[in-house]
**Student:** 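What follows is a single structure, and I will ask about it in a moment.
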Amino acid sequence: TAGVFRPATKTTHPSFIYLGRIRPQKNIDIAIKAFARVLKNHPRATLSVAGWGESLPVLKSLAKNLGVSGSVEFLDRVTDAEKVRLLARSWVSLQPSSFEGWGITVIEANASGTPVIASDVPGLKDSIQDGRTGLLVPALNVTALSEAMSKTITDSHLRDRLSRASLIWAAGFNWDTSSDQFIGSIRHHLAAAGHPVISVRPALAASKS
């Protein structure tokens with residue numbers, strides 16, 4: 001992860017990004033509503049929504065109705081290069097989903113030196129160290145999300161600390177580390193079941209090439 005995503009110069013204004021699928025369960029509407037509150041005290045702030053999905057028309061209408069269309073940018077699908085650039089330049093990444101698997105986009109943001117504010121739900125709370133690499137807030141809570149977003153704007157020391165810790169956290173995730181942990185788990189379960197331990201490293205290595 002850290003080999004592709006890397007830090008870059010941040011925007012001169014407060015900038016937030018959501019990057020992922022645009023579906024109802026992702027709760028991007030919560031992020032837009034929270035951002036509308038943030039914008040009242042921080043009028044130069046921006047929110048980028050990158051991705052595609054069936055909720056896009058509804059979210060565009062929501063931004064218009066809230067009067068924040070001028071500060072919310074809908075980017076639709078983006079290339080891998082654009083994804084790297086967007087994550088690196090943003091101050092904070094948002095993941096307001098109420099259900100996630102392992103948050104790979106969280107680690108990608110962290111590898112870019114970008115902390116993440118996310119819902120305190122399984123998957124996201126496993127990939128985010130609350131108060132260290134990002135901030136966790138109750139799912140579907142507009143007030144809590146807007147307060148966390150505002151805090152990262154007003155507290156530059158917090159933002160810098162989260163950014164530095166994010167880079168360290170993300171550096172620990174790579175194919176070799178993950179495969180070693182996976183192999184160790186397989187061997188443990190095979191041994192516990194009384195089965196002979198087989199070598200899976202060549203096959204796993206071949207699958208990565």
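Below, all heavy atoms of this structure are taken into account, side chains as well, without hydrogens, waters or symmetry copies. Residue numbers count from 1 along this sequence.
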**Student:** Which value, rounded to the nearest 0.5 Å, describes the distance between R164 atom CZ and T133 atom OG1?
**Tutor:**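 These two atoms lie 13.5 Å from each other.
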**Student:** With no hydrogens and no angle check, is any side-chain donor or acceptor of N141 less than 3.5 Å from a backbone partner on A144?
**Tutor:**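 At least one qualifying donor-acceptor pair exists.
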**Student:** Measure across A111 and P7 and return the closest heavy-atom pair with its distance rounded to 0.1 Å.
**Tutor:**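 Nearest heavy atoms, A111 then P7: O-CD, 3.8 Å.
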**Student:** Measure from the side-chain N and O atoms of S166 to the backbone N and O of L162, and report whether any donor-acceptor pair falls under 3.5 Å.
**Tutor:**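 Yes; at least one donor-acceptor contact below 3.5 Å.
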**Student:** Kindly say whether R21 contributes a backbone atom to a donor-acceptor pair with the side chain of K26 at under 3.5 angstrom?
**Tutor:**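 The answer is no, because no donor-acceptor pair under 3.5 Å joins these two groups.
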**Student:** Considering non-hydrogen atoms only, spot the tightest contact between D130 and L135 and give its length.
**Tutor:**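 Heavy-atom minimum between the residues: OD1-CA, 3.4 Å.
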**Student:** Quick check: does any side chain N or O of R159 sit under 3.5 Å from a backbone N or O of T152, one acting as donor and the other as acceptor?
**Tutor:**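 Such a contact is found between R159 side chain and T152 backbone.
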**Student:** If I take atom OG from residue S98 and atom CG from residue N27, how far apart are they, to the nearest 0.5 angstrom?
**Tutor:**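 Interatomic distance, S98 OG to N27 CG, rounded to 0.5 Å: 4.0 Å.
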**Student:** List the atom pairs, donor and acceptor, that lie under 3.5 Å between side-chain atoms in residues 38-67 and the rest of the protein, sequence neighbours left out.
**Tutor:**
from, atom 1, to, atom 2, distance (Å)
T46, OG1, H13, NE2, 3.1
S61, OG, P57, O, 3.2
N65, ND2, S61, O, 3.2

**Student:** Any donor-acceptor pair under 3.5 Å linking the side chain of E82 with the backbone of T79?
**Tutor:**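 A pair under 3.5 Å: yes.
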**Student:** Donor-acceptor pair, distance only, cut-off 3.5 Å: does the side chain of S119 make one with the backbone of S97?
**Tutor:**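 Looks like yes, one N/O pair under 3.5 Å.
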**Student:** Please report the interatomic distance CD(Q25) to CD(E100), rounded to the nearest 0.5 Å.
**Tutor:**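 If we round to the nearest 0.5 Å, Q25:CD and E100:CD are 8.5 Å apart.
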**Student:** Just to verify, what does W91 make a ring-ring contact (aromatic ring centres under 6.0 Å, His included) with, not counting sequence neighbours?
**Tutor:**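 ring-ring contact (aromatic ring centres under 6.0 Å, His included) check on W91 returns nothing, list empty.
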**Student:** For the residue pair N110 and S127, what are the closest heavy atoms and their distance?
**Tutor:**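 Closest approach of N110 to S127: OD1-O, 4.4 Å.
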**Student:** Show your reasoning for whether side-chain contact (heavy atoms from CB on, under 4.5 Å) applies to I32 and D29.
**Tutor:** CA-CA 5 Å; I32 294 175; D29 61 315; 5.7 Å; no
**Student:** Are E147 and R37 within salt-bridge range, i.e. N to O under 4.0 Å?
**Tutor:**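 A salt bridge is absent here (no side-chain N lies under 4.0 Å from a carboxylate O).
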**Student:** Any link between L75 and F16 through a network of hydrophobic side chains (Ile, Leu, Val, Met, Phe, Trp, Tyr) touching at under 4.5 Å?
**Tutor:**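 Unlinked, L75 and F16 end up in two clusters.
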**Student:** For the residue pair V92 and I117, what are the closest heavy atoms and their distance?
**Tutor:**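 So the two residues come closest at CG1-CG1, 3.6 Å.
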**Student:** Indicate yes or no for a side-chain donor-acceptor contact from R161 to the backbone of G131 under 3.5 Å, with no hydrogens or angles considered.
**Tutor:**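 It does hold such a pair.
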**Student:** With hydrophobic residues grouped by side-chain heavy-atom distances under 4.5 Å, do L145 and Y18 end up in a single group?
**Tutor:**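 In one cluster with L145: Y18, yes.
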**Student:** A side-chain contact here means heavy atoms from C-beta on lying under 4.5 Å apart; do V116 and E108 qualify?
**Tutor:**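 No. Closest side-chain heavy atoms not under 4.5 Å.
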**Student:** Under 4.5 Å between side-chain heavy atoms, counting indirect links through other Ile/Leu/Val/Met/Phe/Trp/Tyr residues: same cluster for L140 and I28 or not?
**Tutor:**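 Looking at the clustering, I28 is in the same group as L140.
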**Student:** Linking I/L/V/M/F/W/Y whenever their side-chain heavy atoms sit closer than 4.5 Å, directly or via other members, would V84 and V78 fall into one cluster?
**Tutor:**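 Yes; V78 is reachable from V84 via cluster members.
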**Student:** Could you grab the distance from atom CE of M149 to atom CD1 of I153, nearest 0.5 Å is fine?
**Tutor:**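 These two atoms lie 7.0 Å from each other.
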**Student:** For the hydrophobic clusters of this structure (ILVMFWY residues joined by side-chain heavy atoms under 4.5 Å, transitively), does one cluster hold both L94 and V72?
**Tutor:**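 Yes, it is one cluster - the side chains of L94 and V72 are joined through contacts under 4.5 Å.
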**Student:** Between D120 (side chain) and V137 (backbone), is there a donor-acceptor pair under 3.5 Å?
**Tutor:**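 Checked: no pair found.
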**Student:** Would the distance check show the side chain of S90 and the main-chain N or O of L87 forming a donor-acceptor pair, the cut-off being under 3.5 Å?
**Tutor:**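 Checking the backbone N and O of L87 against the side chain of S90, no donor-acceptor pair under 3.5 Å is found.
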**Student:** Looking only at heavy atoms, which two atoms of G113 and S163 are closest? And how far apart?
**Tutor:**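 Scanning both residues, the minimum pair turns out to be O-OG, 2.5 Å.
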**Student:** Start with the C-alpha distance between R89 and T9, add both sets of side-chain angles, then the distance that settles side-chain contact (heavy atoms from CB on, under 4.5 Å), and finish with yes or no.
**Tutor:** CA-CA 6 Å; R89 70 193 294 268; T9 302; over 6 Å; no
